[in-house]
Amino acid sequence: MSSRLPAGVTRDQALALYRMMQTIRQSEEGLAKACASGLVHGACHTYVGEEAIASGVCAHLTHDDAVFSTHRGHGHALAKGVTPRELFAELFGRETGCSHGRGGSMHLFKPEVGLMGTSGIVAPCILQAAGAGYSFKLRGLPHVGVAFFGDGASNNGAFHEGLNLAAIYQAPTLFVCENNQYATEVAFSYATRNTDVYKKAASFDMPGICVDGNDALAVYQAAGEAIARARAGGGPTLIECKTYRTRAHAEGMRESGYRPLEDIEAWKRRDPLKLLAGRLSAADEASQAELDAIAEQVRLIVEDAAEFARNSPYPDGATATDHVYAEA
Amino acid sequence: MSSRLPAGVTRDQALALYRMMQTIRQSEEGLAKACASGLVHGACHTYVGEEAIASGVCAHLTHDDAVFSTHRGHGHALAKGVTPRELFAELFGRETGCSHGRGGSMHLFKPEVGLMGTSGIVAPCILQAAGAGYSFKLRGLPHVGVAFFGDGASNNGAFHEGLNLAAIYQAPTLFVCENNQYATEVAFSYATRNTDVYKKAASFDMPGICVDGNDALAVYQAAGEAIARARAGGGPTLIECKTYRTRAHAEGMRESGYRPLEDIEAWKRRDPLKLLAGRLSAADEASQAELDAIAEQVRLIVEDAAEFARNSPYPDGATATDHVYAEA
Amino acid sequence: MREITYSVAAREALSERMAVDPTIFVVGEGIGRRGGNFATTLGLYERYGQMRLADTPISERGFVGMCCGAAMTGARPVVDFMFVDFILDAFGEIFNQVAKMQYMSSGRLKMPLLMRGCIGIGGSAATHHSGSYYAQFANIPGLRVVVPSTPYDAKGLMNTALTCDDPVLYLEHKNLLATKGPVPEPEESFSVPFGKARVSREGKDVTVVALALMHRKTLEAAEALAAEGISAEVIDPRTISPLDTDTVLESVRKTGRLLIVDESFQPMGVGAEVAARVADQGFDDLDAPIRRLNGAFTPTPYSPTLEAAIVPNPTTIAQAIRDLVKE
Amino acid sequence: MREITYSVAAREALSERMAVDPTIFVVGEGIGRRGGNFATTLGLYERYGQMRLADTPISERGFVGMCCGAAMTGARPVVDFMFVDFILDAFGEIFNQVAKMQYMSSGRLKMPLLMRGCIGIGGSAATHHSGSYYAQFANIPGLRVVVPSTPYDAKGLMNTALTCDDPVLYLEHKNLLATKGPVPEPEESFSVPFGKARVSREGKDVTVVALALMHRKTLEAAEALAAEGISAEVIDPRTISPLDTDTVLESVRKTGRLLIVDESFQPMGVGAEVAARVADQGFDDLDAPIRRLNGAFTPTPYSPTLEAAIVPNPTTIAQAIRDLVKE
Ligand SMILES: Cc1ncc(C[n+]2csc(CCOP(=O)(O)OP(=O)(O)O)c2C)c(N)n1
Ligand SMILES: Cc1ncc(C[n+]2csc(CCOP(=O)(O)OP(=O)(O)O)c2C)c(N)n1
Ligand SMILES: [Mg+2]
Ligand SMILES: [Mg+2]
């Protein structure tokens, strides 16, 4: 690894990535605590260990670009522009949440910033991102559709159909597979015999790229190229980010023996925040004090978010059936 | 092309293939005529030009092996052991048909010989064949599940899920893709950017084989190897047979300009029956007189089948709701 | 008014809306140059081009999900399934994504997505090409389900569907496509609202609710019964979700008797819902049991003798009406 | 009789059947070593091994289709969806293949396929983890749909499902899994037939049909109303397809009043079918309108305040009964 930042990555960009990764990490840790104390009403799948991916990809997106995400979507939501306040309030089931309490952890929506939704069903995001790309192309707009999804989703038929459709229409779409090697407790190496997701892009004659998903700068660079190509009419790309989640599949679940504890430890040593901090220091681009200051600023924001959410009102039960139809 | 028959292919086997291909061809031509004269009540998709595939594959199968087929299933049905009488009667909507008139062209069933059904819906056969393989493996039986399907089906999510499942369970299954380059009037080269279906097996770490689907002996050999491997516990194989249908997608449709007429002519020159006849003659394994005798024998059988079907009774309307449930 | 076919009426509406709304695009198998298996898009490819009439691979789930994403981002997609049987692989996308998107986003996203396809038993199409799934789809909150039975309604409901922000499933009975009826001139814009049934024949002895092809068959039966002195009022709900029962209740107030005729399955079908509502809100008006006449609860057989045995026809409908009037 | 939970009762039936029938195998996500998200297969992997408890990729359509093929070739597959919401991607396989296979093959193929999953609103599971789709599935000819509400029925219906040659959808309400009730000892074999409702409480003023969790809630409401002098008869249909209405008709003959309570959607739901049948066959016995009380016709919201607002509870059920008795 060179000690300089990669070509084209400025210090400011790298620090912004670090700040976003801190925001995600600290939000997740705050939410995990809130789960334990009963403030989160439903499920909660954290993104701890995978922060580099959402941060690296979304750094290239504007509010006009459309992101479609999964059950493990807190990181994507934050990186796309949902505030920690809106995220906490949503998981706490409050009116001030990004989905006004209708959604919870798995149904985060903020179309105003291009967060077109996270989904409790695995895989539809792949298709929807292709559709956003189609829509942008049809209307001559330079935006892109982006899908985040797991290794588990890549075994779903939607992966095959969605990538093929995006490829034949040359829709400006980015498919980001977050290969954390497990779908709940089922190992990816059990669920498919070819665990290199990026190679499956060949079936659709689509570029398939593999990056270290714990290396924010690598993700940033690969996503940047793919998004630029898409905006320029060059069609879709599949990026596989090899990574690992270091917490349980969902809060409240324990390590039941489905994966080696050594693996968790080994991946923790490759923590994406530590890796980026190390790169910044090695390149003499940021001092530890500077990085600590960012972490501290984020700490206050996240603390405020939890407090805000706790103090927010619950939605009025009388509104429970609003918005089923457009004109209702 | 060598003038000898390929190693391991006997004269008798080659002649049996030729006889089966004649049976399919002449049956299809008879059915096409019956369509024109109103004897066939519903749709009719002929297999003309693709006879080498069903014949070459099914030559290796017993009645205990399970075949799952498509809307274009007459050839598979005949090659698996449905008689021309049963096929004609079915399309004529008669009680004596292989599905007792319940099914017609797209719902041919004869489980007694391992024809587990053709389907009016594209792609489920892929999944069902994997399931037959699973069942045989679970029960320690040496049988195989076989799916026939088109290029169009290979773009369906069932292809992705079915091949992956068969691969991870190492189910004894053969996936036969009949790539005739069109799905109805949509060109395969439009519907996917990678028109080599066999290469897509790599996504599942499964052997993917490409053969000339108009060369019965090539199909016979490739299928033989794959089926032997499956029976021996070696898992599934995808075989892509490049071919062409020389009649319309379905009877009654015309050449509306979606494919070049020269292509049809070129493929007719590669007619699988002619090719096999040529091989047999070149290898001095059969005289033209012998081949003509086979064709003539088949002609009588097919004529009898049409006659039998015409004279068979229609089913009794009072039985229309029988067999919806097992105990009914 | 000029007379055109059901099929032309629906296509005309689509073409007119495409001319004024550049965000409309159609996807499906063979809806491009070929013009659709049922001529639903004939001539439109030449007029609006490849991006707006996009042939698809056989990926029903895929292109529904794709159109869901397109509808969320400013387009108005039309999914043409040809036979609506092929919709089933997309059921998850429709139920959990398309129909819930407005709700999940608290109304910030709209879902202007039209899905269409042909329904109905007939012509030995057999069991994979003859389904009518409106009951199942009408049980999905967030979705509109529309089943026109005349050329006028075909165009009028298509116009509503293509200007409405809800997802709509638009179902056309194969055996109605070639039927003709009066439709306003192209320059006269009109639409038929969702949730408003039509009394297509007035009568005083019995109310018969019937949709799609069965509506036509019921009118035939009613005509025949008039000669016997039985006066049947015939109602076409036109849309199943929303379902207008006020019109039915008003009719039952007059007739005291209700029969629902539906080609599709009886259990938890449209007839069940109409009957349940009338047994609640119109209970005091009823002079006799509520009756339903449905297609048999069975997959569709191929052979003409079997096929004919499983669907109501004017004779069996007339008999059901006679029986009910005698109650 | 010993008391065990609903969840243990169902698992016991599965394990006992697997011990005697080597062709049974289970597929699903996490049903192997993990023992199932809802502990549906806990301990079975250790006992029956990998081939008979096969974890799957996230390929719901794929493994349903695979199990369809396996059932056609001599095996008896069990598909465990955990949350039944995930079944929807397999709707096409179920409707057009699994449910039609016996018919299409003229009875020469059997389809001994069990599909199971958890239904129900509660615990802020939100809209992708709370569906109850029995109405849709009960509209499919060829399929059996089973919704037990007690441990006894859970085991008894599972036993029937695992020896029957029809495909069965077996639905377990999440909030019933931990409830306890009497169940015969393991060595006593027993089963509960399909199509036979259970009168779980006798009464004379009103008949209330309620299933799954709503059955429990209705019993609570009926208990409370007894103190007010209202005597409610409570019936659990137990199976939706086939649906026993004779038991309901008999009860209505006595009470003259009918309410159907169902957590799931009203339009074309189970309540509609029960109401329609009684409005036909039991018309003369009715002394009042037929009423339905359903969960709201909406996707499920997450927040507890919203979630509570959309499902019936003992208070709203009691009120609906009171209102009906006054009619
Ligand atoms: C269609 C569907 N099937 C099953 C589930 C249950 N489920 C929720 S998360 C999950 C694992 C997802 O794995 P992956 O896609 O790798 O994402 P990860 O959780 O690892 O980020 C499963 C099976 C679901 N939500 N949707
Ligand atoms: C799921 C589904 N979608 C669409 C159709 C309509 N359809 C029938 S045949 C066909 C083309 C099939 O193409 P291919 O798989 O290549 O088989 P071929 O007809 O070329 O043999 C289509 C689209 C269908 N039967 N099923
Ligand atoms: Mg994963
Ligand atoms: Mg083809």
Side-chain angles (χ1 to χ4, degrees), chain B residues 40-43 71 89-95 97 99-107 118-124 149-160 183-188 190-192 249-250 253 256-258 313-325 328, chain C residues 27-37 42 45 50 54-65 81-83 85-90 92-93 121-131 265-267 294-311 313:
Chain B
V40 173
H41 298 284
H71 59 288
E90 188 56 34
L91 273 85
F92 289 14
R94 310 303 166 110
E95 180 63 36
S99 305
H100 301 329
R102 276 186 155 56
S105 167
M106 291 194 273
H107 309 270
T118 66
S119 168
I121 302 291
V122 167
F149 55 96
D151 49 287
S154 75
N155 290 323
N156 193 277
F159 173 85
H160 187 72
T184 314
E185 304 194 352
V186 176
F188 193 46
Y190 168 95
T192 186
H249 168 72
M253 290 173 73
S256 64
Y258 67 94
Y314 281 99
D316 176 359
T319 67
T321 62
D322 290 357
H323 305 303
V324 178
Y325 295 97
Chain C
V27 302
E29 293 144 22
I31 56 79
R33 215 178 282 279
R34 183 178 170 207
N37 187 62
L42 205 66
Y45 182 90
Q50 159 69 36
D55 274 328
T56 60
I58 306 175
S59 307
E60 280 79 6
R61 179 182 172 198
F63 57 73
V64 168
F81 287 105
M82 65 178 131
F83 293 91
D85 304 75
F86 310 148
I87 200 174
L88 298 187
D89 292 338
E93 300 307 318
I121 295 169
S124 284
T127 198
H128 286 165
H129 293 78
S130 58
F265 310 133
Q266 182 164 100
N294 287 82
F297 192 49
T298 178
T300 311
Y302 167 80
S303 183
T305 52
L306 299 171
E307 187 186 61
I310 67 158
V311 272
N313 58 48

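As the structure is a prediction and not an experimental result, all values here were calculated from the model. So you know, we letter chains A, B, ... as the sequences are listed, proteins then strands, and number each from 1.
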Counting only heavy atoms closer than 4.5 Å, note whether [X] contacts chain C via side chain, backbone, both or neither.
| X | value |
| --- | --- |
| B/Tyr258 | neither |
| B/Phe188 | neither |
| B/Thr184 | side chain |
| B/Asp316 | backbone |
| B/His107 | side chain |

Could you tell me which of [options] has the largest number of non-hydrogen atom pairs under 4.5 Å with chain B?
| options | result |
| --- | --- |
| C/His129, C/Glu60, C/Glu307, C/Arg61 | C/His129 |
| C/Asp89, C/Thr305, C/Thr298 | C/Thr305 |
| C/Ala309, C/Gly30, C/Pro57 | C/Pro57 |

Without swapping roles, check the side chain of [X] against the backbone of [Y] for a donor-acceptor pair under 3.5 Å.
| X | Y | value |
| --- | --- | --- |
| C/Asp55 | C/Glu29 | no |
| C/Ser303 | B/Arg94 | no |
| B/Asn155 | C/Ile58 | no |
| C/Gln266 | C/Asn294 | no |
| B/Glu90 | B/Gly104 | yes |

Q. What class does the angle between the rings of C/Phe297 and C/Phe265 fall in, given that below 30° is parallel, 30 to 60° is tilted and above 60° is perpendicular?
A. perpendicular
(Q) Tell me whether the rings of B/His71 and B/His249 are parallel (<30°), tilted (30 to 60°) or perpendicular (>60°). (A)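 It falls in the tilted class, 30° to 60°.
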Quick check on the interface: out of [options], who has the most heavy-atom pairs with chain C under 4.5 Å?
| options | value |
| --- | --- |
| B/Gly317, B/Ala320, B/Pro315 | B/Pro315 |
| B/Ser154, B/Ser119, B/Ala183, B/Ala153 | B/Ser119 |
| B/Ala191, B/Ala318, B/Gly101 | B/Gly101 |

Q) Sequence neighbours excluded, which residues qualify as side chain to side chain contact (heavy atoms under 4.5 Å, CB included) partners of B/Ser105? A) B/His74, B/Leu91
